[in-house]
Amino acid sequence: MDMVLAKPADARRIAVMSRQFVERGLPGWSWNVARVTGRIRDPESVVVTARVAAGIAGAAIMHFAESSAHLSLLVVVPEHRRCGIGRRLVEWLEASARVAGTFVVSLEVRAANLAARSFYRKLGYRELVCLPRYYNGIETAVRMSRDLRCCLQDAT
Ligand SMILES: CC(C)(COP(=O)(O)OP(=O)(O)OC[C@H]1O[C@@H](n2cnc3c(N)ncnc32)[C@H](O)[C@@H]1OP(=O)(O)O)[C@@H](O)C(=O)NCCC(=O)NCCS
């Protein structure tokens, strides 16, 4: 498995993965092809893919602001889950954030997505607040955050 920066030609695949596995059941398509393409071209964002022989098995998008970074999207296709790809994608982006001098990473996850909440907690993220009607005015999000200066033992 290789970690490779996304190219504009990858945008459709990433957007479809988001629609299928992250945004499933929500009205509208937030991470559509145009938006993913914009992030791939955005100098303040990083879009990374996990590639296997068959193609893209996972992808993640991080946006860097002055004092914090935001994990905007993370998805691994079902047949490659529980193999460490999600962890590697997040750790790869966290390493980029450290290099950029950014030590706080935040994200939002659908409150009903208990698997992803467990995943992020395992990686050292803390649940901060519930955000009612965050998604399309109908679905609650949980905001989570990790201070990368915390010792790594917190995440085990
Ligand atoms: C959440 C997601 C990215 C995890 O990716 P993954 O590659 O399967 O995760 P990893 O294999 O790196 O898991 C690392 C650890 O997180 C925890 N974890 C992962 N998936 C979990 C699940 N479904 N339930 C509980 N804990 C889980 C485990 O502790 C796991 O370690 P282990 O397998 O040794 O027990 C993936 O399930 C996914 O794409 N889901 C659909 C989209 C989504 O929910 N995205 C995130 C919200 S934006």
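We count residues from 1, following the sequence as given. For the numbers below, each heavy atom of this structure counts, side chains included, while hydrogens, waters and symmetry mates do not. Note that ligands are numbered from 1 as they come in the structure, with each ligand's atoms numbered from 1 the same way.
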for atom 25 (C) of ligand 1, nearest protein heavy atom and its distance come out as S118 CB, 3.6 Å
Ignoring hydrogens and geometry, is there a side-chain-to-backbone donor-acceptor pair from D147 to V104 under 3.5 Å?
no
Is a side-chain donor or acceptor of W29 paired with a backbone partner of V16 at a separation under 3.5 angstrom?
no
Please determine if D10 and R51 form a salt bridge, counting it only when a charged side-chain N lies under 4.0 Å from a carboxylate O.
yes
Report yes or no: do H63 and S45 form a side-chain donor-acceptor pair below 3.5 Å?
yes
What residue and heavy atom of the protein are closest to atom 23 (N) of ligand 1, and at what distance?
A115 CB, 3.2 Å
Run down the list W31, F21, F119 and name the one with the heavy atom closest to atom 4 (C) of ligand 1.
F119
Any ion pair linking R121 and E127 (charged N to carboxylate O, less than 4.0 Å)?
yes
Which atoms of ligand 1 sit under 4.0 Å from any heavy atom of Y120?
46 (C), 47 (C), 48 (S)
Note: ligand 1 atoms sitting under 4.0 Å from heavy atoms of A116 are 44 (O), 46 (C), 47 (C)
When you measure from the side chain of R87 to the backbone N and O of K122, does any donor-acceptor pair fall under 3.5 Å?
no
Nearest protein heavy atom to atom 37 (O) of ligand 1, by residue and atom, and its distance?
R81 CD, 3.3 Å
Out of H80, R82, M17, R88, whose heavy atom sits nearest atom 33 (O) of ligand 1?
R82
Salt bridge flag under 4.0 Å for residues E94 and R146:
yes
Closest to atom 39 (O) of ligand 1 (judged by heavy-atom distance), picking from V109, L73, V76:
V76
Give the atom numbers and elements of ligand 1 that come within less than 4.0 Å of a heavy atom of C83.
11 (O)
Tell me which protein heavy atom sits closest to atom 45 (N) of ligand 1, plus the residue, atom name and distance to 0.1 Å.
L74 O, 2.8 Å
Taking 4.0 Å as the limit for heavy-atom contacts, which would you say applies to N113 with ligand 1: side chain only, backbone only, both, or neither?
side chain
Nearest to atom 7 (O) of ligand 1, what protein heavy atom do you find, and at what distance?
G86 N, 2.7 Å
Ignoring hydrogens, tell whether any protein atom lies closer than 4.0 Å to atom 16 (O) of ligand 1; use the non-hydrogen atoms only.
yes
Side chain to side chain contact (heavy atoms under 4.5 Å, CB included) test vs F119 passes for just one of V109, V76, L74, namely L74
S30 and R35: side-chain donor and acceptor closer than 3.5 Å?
yes
If we number the atoms of ligand 1 from 1 as shown, the ones under 4.0 Å from a heavy atom of G84 are 10 (P), 11 (O), 12 (O)
Under the 4.0 Å line, does any protein heavy atom show up next to atom 2 (C) of ligand 1?
no
Please check whether R87 reaches ligand 1 - meaning an N/O of the residue sits under 3.5 Å from an N/O of the ligand, judged on distance alone.
yes
In terms of side-chain heavy atoms, does E108 have a donor or acceptor partner in Y134 at a distance below 3.5 Å?
yes
